[in-house]
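Scroll down for the structure; my scribbles are underneath it.
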Amino acid sequence: SAHKLFQSAALTSGASLCFVNGRGEEAHSNKATAMASSAAPQPPAVCGTLAARRVDFEPLWQRVAEGVLDVLNLRKGTCGMPIVEDIYALCTASPAPFEAQLYDSLCALLVQHVTRCADGLMPSSAQACHTDVDVLAKYLEQWRRYSLAAVYLDNLFRYLNMHWIYPTQQRKQATAP
């Protein structure tokens, strides 16, 4: 395959292969480690893992919350992969996943954000000269920003949606009278 040809060429030339995950952590494979193995060279392992692992909710949630706020504020340079990795780690945590806690924390964060946005729309007494048109223009701009951010957040939280939100909704609908 093309991967084996590339790897073989890189190993015979003494080059190092480097794979970088979403957090910038690197996994290296170089000629010396490949030649030391008597078996055929294997591609280097990527640092991230899909296996369930024990995690602490608060530190991961803080990173997710910071990323969500960056997305909601449409900050340039926001990287989504670390957010997705943390969401996945929370949803697959061992011995019990944090899906419900993640969902509740996200809802609270979104309510706080929308409340701040709404507070910023209404003119204060010092700015009483704002017209309804000004408020409507500000509302429209906030709505556009929030709608775009919602599309990004839907993609970031796709794992939670597919494996917890949708099945929970289906169970509720199946048991509803």
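Treat the numbers as computed from the prediction; the structure is a model and nothing was measured. Residue indices begin at 1 and follow the sequence shown.
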Over all atoms of both residues, closest heavy-atom pair of Cys91 and Leu160: SG-CD1, 3.7 Å

Student check: side-chain heavy atoms of Leu110 and Tyr146 closer than 4.5 Å: yes

- prompt: Got a second to check how far Thr78's OG1 is from Glu66's CD, nearest 0.5 Å?
  reply: 11.0 Å

message: Using a 3.5 Å distance criterion without hydrogens, assess whether the side chain of Arg145 forms a donor-acceptor pair with backbone atoms of Asn73.
response: yes

task: Mind listing the closest non-hydrogen atom pair of Arg63 and Leu60 along with its distance?
output: NH2-CD2, 2.9 Å

- request: Write down the atom of Trp61, the atom of Leu90, and the distance for their closest heavy-atom approach.
  value: N-CD1, 4.4 Å

field: Student check: side-chain heavy atoms of Ser105 and Phe98 closer than 4.5 Å
entry: no

message: Are the side chains of Val135 and Lys138 in contact, using a 4.5 Å heavy-atom criterion?
response: no

statement: Between the OG atom in Ser147 and the CD atom in Gln142, the distance rounded to the nearest 0.5 Å is 10.5 Å

query: Which distance, rounded to the nearest 0.5 Å, do you find between the CZ of Arg116 and the CG of Leu72?
result: 9.0 Å

Set of side-chain hydrogen bond (donor to acceptor under 3.5 Å, both in side chains) partners for Arg171, sequence neighbours left out: Thr168

message: Working to the nearest 0.5 angstrom, can you tell me the gap between Leu156 CG and Met81 CE?
response: 10.0 Å

- request: Would you indicate whether the side-chain heavy atoms of Phe157 and Val64 approach each other to under 4.5 Å?
  value: yes

message: Looking at Tyr103, I want to see if its OH is surrounded by more than 12 non-hydrogen atoms of other residues, nucleotides or ligands under 6.0 Å.
response: no

query: So how far is it from Leu153 CG to Leu148 CG, rounded to the nearest 0.5 Å?
result: 9.5 Å

message: With rounding to the nearest 0.5 angstrom, report the CZ to OG distance, Arg54 to Ser94.
response: 5.5 Å

- prompt: With sequence neighbours excluded, what pairs up with Tyr159 under the ring-ring contact (aromatic ring centres under 6.0 Å, His included) test?
  reply: Tyr88, His163

message: I need the minimum non-hydrogen distance between Arg158 and Asn155, along with the two atoms involved.
response: NH2-OD1, 2.7 Å

message: So, using side-chain hydrogen bond (donor to acceptor under 3.5 Å, both in side chains) as the criterion, who are the partners of Asn161 when residues are at least two apart?
response: Asp154

query: Any idea which heavy atoms bring Ala149 and Val71 closest together, and the distance?
result: CB-O, 3.5 Å

- line: Shortest non-hydrogen pair, Thr92 vs Pro97, comes out as N-CB, 4.4 Å

